[in-house]
Protein chains: 2
Amino acid sequence: MEMAARPLRYSREDIIVAAVELLDNVGLPDLTMRRLAQTLNIQPSALYWHVTDKQTLLAAVADRILSRTATVPAGSSWDGALAAHAHAIRSALLAYRDAAEVVASSVALGLGGDATVQGLRAAVAMGGFDDNTTRAGASAILHFVLGHVWNEQQRAHADGFDAAAPSVKLTPTDWNDAAASAAADFDFGVTLLVSGLAEQRHARVSRTGA
Amino acid sequence: MEMAARPLRYSREDIIVAAVELLDNVGLPDLTMRRLAQTLNIQPSALYWHVTDKQTLLAAVADRILSRTATVPAGSSWDGALAAHAHAIRSALLAYRDAAEVVASSVALGLGGDATVQGLRAAVAMGGFDDNTTRAGASAILHFVLGHVWNEQQRAHADGFDAAAPSVKLTPTDWNDAAASAAADFDFGVTLLVSGLAEQRHARVSRTGA
DNA sequence: ACCTGAACACCGTTCAAGT
DNA sequence: ACCTGAACACCGTTCAAGT
């Protein structure tokens, strides 16, 4: 029901910001080019002056959602920095509806999340690992983070408005428990990967290029 | 160009099998209800007598793709069984185009992959971990596997038919190298999680329910 | 530089009706 | 029990044309 008059002209940035907002309001399945155009009071075709296609727009949306997670907290241990980074990514994703799915898709397509990957690698590299280990370790962490939060957000949406399994009816108290155990499970997964990496460091297994 | 006459009547199983085959042939974006109906020589609406909607069909497709990975190899160590299971899931996914994306979506939706999750948990449980650790550990592994193979399959498709980054032109030799290093990275990720779990076992950290 | 208008080639899903 | 025919309410994208 937004009736604010539109500016005479939009920038590409405006389109991306509006897309992030629409994503958060209606979810990924309803984030369509036509609906986005509608909220901006322009024709659908006008969007294609600013972005080449929907996939590219979604990649830009993903990068914007992740934009505050690129910096590595300096002056701490590599394992602490890595865990902190993983948690920062989770927080950024939880801030927008369906964000994990959008980011996971863009990352899989190789279109987004580049700065975030760099940040994770930087944290791993602090541990003095070789390049291959750094790359593989960072991407293992990223995959876990995206998969976990994707599940988390999907369950939240299902429990919020769906019948799901009619046998288990969730009360607000259960909802808090679910959120707490999701956070605990996330932390556990991160710990698993970080300590696995630490173990690798101790074992000094050679992992030089293919 | 299949011109084989269709049977008088299809079963739900026939629909699922045809969907898996179509997925492998044309990929997920082109796996539409209308196109599936076309390959079966029936009207699109006829599909809805067999399945309630596309989401449910895709969940059934996911379960079928994973169907040969549910059993735990008996008589080995828990960590060996777990790693073997992870590799079995990867193999099953690599057998069909875009399989990782289909399975990841179904798992996130909570609609499929149940038997596979049970199998992973059974392997972890062999290590004598408590229920929470078993659940969280198994799902961490599954998230990594799905994320990794999703990337792997997406890159394979991009390199096969796309311009991608015109700066790097991939030769068949590079293609082999890429496949080998993908396998190595996968194995490394699995090792990270398994050894992280082993470490947890040694440390005997209490992780009783929320 | 930025947008409109109109079209193209599609989607998933429902539902009465047929056999 | 299984399928047809026809419709509904949408999609993403292109492209000439306007300002």
Side-chain angles (χ1 to χ4, degrees), chain A residues 2-20 22-23 25-62 98 101-102 105-106 109 111-112 161-163, chain B residues 2 4-20 22-23 25-62 98 101-102 105-106 109 111-112 157 161-163:
Chain A
E2 297 266 332
M3 270 305 170
R6 70 173 171 98
L8 300 97
R9 287 172 146 75
Y10 286 116
S11 69
R12 187 186 143 95
E13 264 295 294
D14 296 331
I15 306 299
I16 295 164
V17 169
V20 172
L22 184 58
L23 172 69
N25 287 334
V26 304
L28 184 56
D30 288 330
L31 171 47
T32 68
M33 298 300 270
R34 298 181 107 100
R35 192 146 173 187
L36 177 58
Q38 206 173 293
T39 72
L40 293 168
N41 269 57
I42 57 177
Q43 297 302 117
S45 52
L47 292 171
Y48 290 85
W49 194 91
H50 299 281
V51 300
T52 63
D53 58 13
K54 190 181 182 180
Q55 207 164 81
T56 310
L57 173 60
L58 286 179
V61 165
D98 291 347
E101 184 173 356
V102 173
S105 298
S106 295
L109 271 295
L111 297 175
F161 194 70
D162 222 34
Chain B
E2 298 265 332
R6 70 172 169 98
L8 300 97
R9 289 175 146 73
Y10 285 117
S11 68
R12 185 185 145 96
E13 264 295 294
D14 295 331
I15 306 300
I16 296 163
V17 170
V20 172
L22 184 58
L23 172 70
N25 287 334
V26 304
L28 185 55
D30 288 329
L31 171 46
T32 68
M33 298 300 271
R34 297 180 108 102
R35 192 147 174 187
L36 177 58
Q38 207 173 293
T39 71
L40 293 167
N41 268 60
I42 57 178
Q43 297 300 117
S45 51
L47 293 171
Y48 291 85
W49 193 92
H50 299 282
V51 300
T52 63
D53 56 14
K54 190 180 182 181
Q55 207 164 81
T56 311
L57 172 60
L58 286 179
V61 165
D98 290 348
E101 184 174 357
V102 173
S105 298
S106 295
L109 271 296
L111 297 175
H157 182 243
F161 194 70
D162 221 33

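All values below come from the heavy atoms of this structure, side chains included, with hydrogens, waters and symmetry mates left out. Here is how names work: the chains are called A, B, and so on, in the same order as the sequence lines, proteins then strands, and each is numbered from 1.
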- Message: Under 3.5 Å for both pairing distances: what stems, at least three Watson-Crick or G-U pairs long, include DNA chain D?
- Response: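 Consecutive-pair runs (3 or more) involving DNA chain D: C:4-8 with D:12-16, C:12-16 with D:4-8.
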
- Taking the side chain as C-beta and beyond, is there a heavy-atom pair between B:L109 and B:S106 under 4.5 Å? no

- Message: Quick one, A:P44 and A:M33 - any side-chain contact, counting heavy atoms below 4.5 Å?
- Response: no

Using 0.5 Å steps for rounding, measure from the [atom1] atom of [X] to the [atom2] atom of [Y].
| X | Y | atom1 | atom2 | value |
| --- | --- | --- | --- | --- |
| B:E13 | B:I16 | CD | CD1 | 5.0 Å |
| B:L23 | B:E101 | CG | CD | 9.5 Å |
| B:D30 | B:N25 | CG | CG | 11.0 Å |

Could you list the protein-to-nucleotides 12-15 of chain D atom pairs, N/O on both sides, closer than 3.5 Å?
unit_1, atom_1, unit_2, atom_2, d
D:dG12, OP1, A:M33, N, 3.2
D:dG12, OP1, A:K54, NZ, 3.0
D:dG12, OP2, A:M33, N, 3.0
D:dG12, OP2, A:R34, N, 3.4
D:dG12, N7, A:R34, NH1, 2.6
D:dG12, O6, A:R34, NH1, 2.9
D:dT13, OP2, A:Y48, OH, 2.7
D:dT13, OP2, A:K54, N, 2.9
D:dT13, O5', A:Y48, OH, 3.4

- For B:D30 and B:R9, take the nucleotide of DNA chain C holding the closest heavy atom to each; which residue's nucleotide lies nearer the 5' end?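 Nearer the 5' end of the strand: B:D30.
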
Side-chain donor-acceptor pairs of residues 51-61 of chain A under 3.5 Å, sequence neighbours excluded:
unit_1, atom_1, unit_2, atom_2, d
A:T52, OG1, A:T56, OG1, 3.0
A:D53, OD1, A:T56, N, 3.1
A:D53, OD1, A:T56, OG1, 2.6
A:K54, NZ, A:L31, O, 3.0

Separation of [X] atom [atom1] from [N] atom [atom2], in whole Å?
| X | N | atom1 | atom2 | result |
| --- | --- | --- | --- | --- |
| A:W49 | C:dC2 | CH2 | C1' | 6 Å |
| A:Q43 | D:dG18 | CD | C1' | 13 Å |
| B:L47 | D:dT4 | CG | C1' | 13 Å |
| A:N41 | C:dT4 | CG | C1' | 13 Å |
| B:D14 | D:dC3 | CG | P | 9 Å |
| A:I15 | C:dA1 | CD1 | P | 17 Å |

- Using atom C1' of each nucleotide, how far apart are C:dC3 and D:dA16 to the nearest Å? 13 Å

- Query: If you measure from the C1' atom in C:dC2 to the same atom in D:dA17, how many Å do you get, rounded?
  - Reply: 13 Å

- Item | Shortest non-hydrogen separation from B:D98 to B:P29 and the atoms involved | OD2-CD, 3.7 Å

- Which heavy atom of B:A46 sits nearest a heavy atom of B:I42, and at what distance? CB-CD1, 3.9 Å

- Query: Under 4.0 Å: is that the gap between some side-chain N or O of B:H50 and OP1 or OP2 of D:dA1?
  - Reply: no

- Message: Given 3.5 Å as the limit, does a donor-acceptor pair link the side chain of B:Y10 with the main chain of B:L40, or not?
- Response: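 Flag set: sc B:Y10 to bb B:L40 pair under 3.5 Å.
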
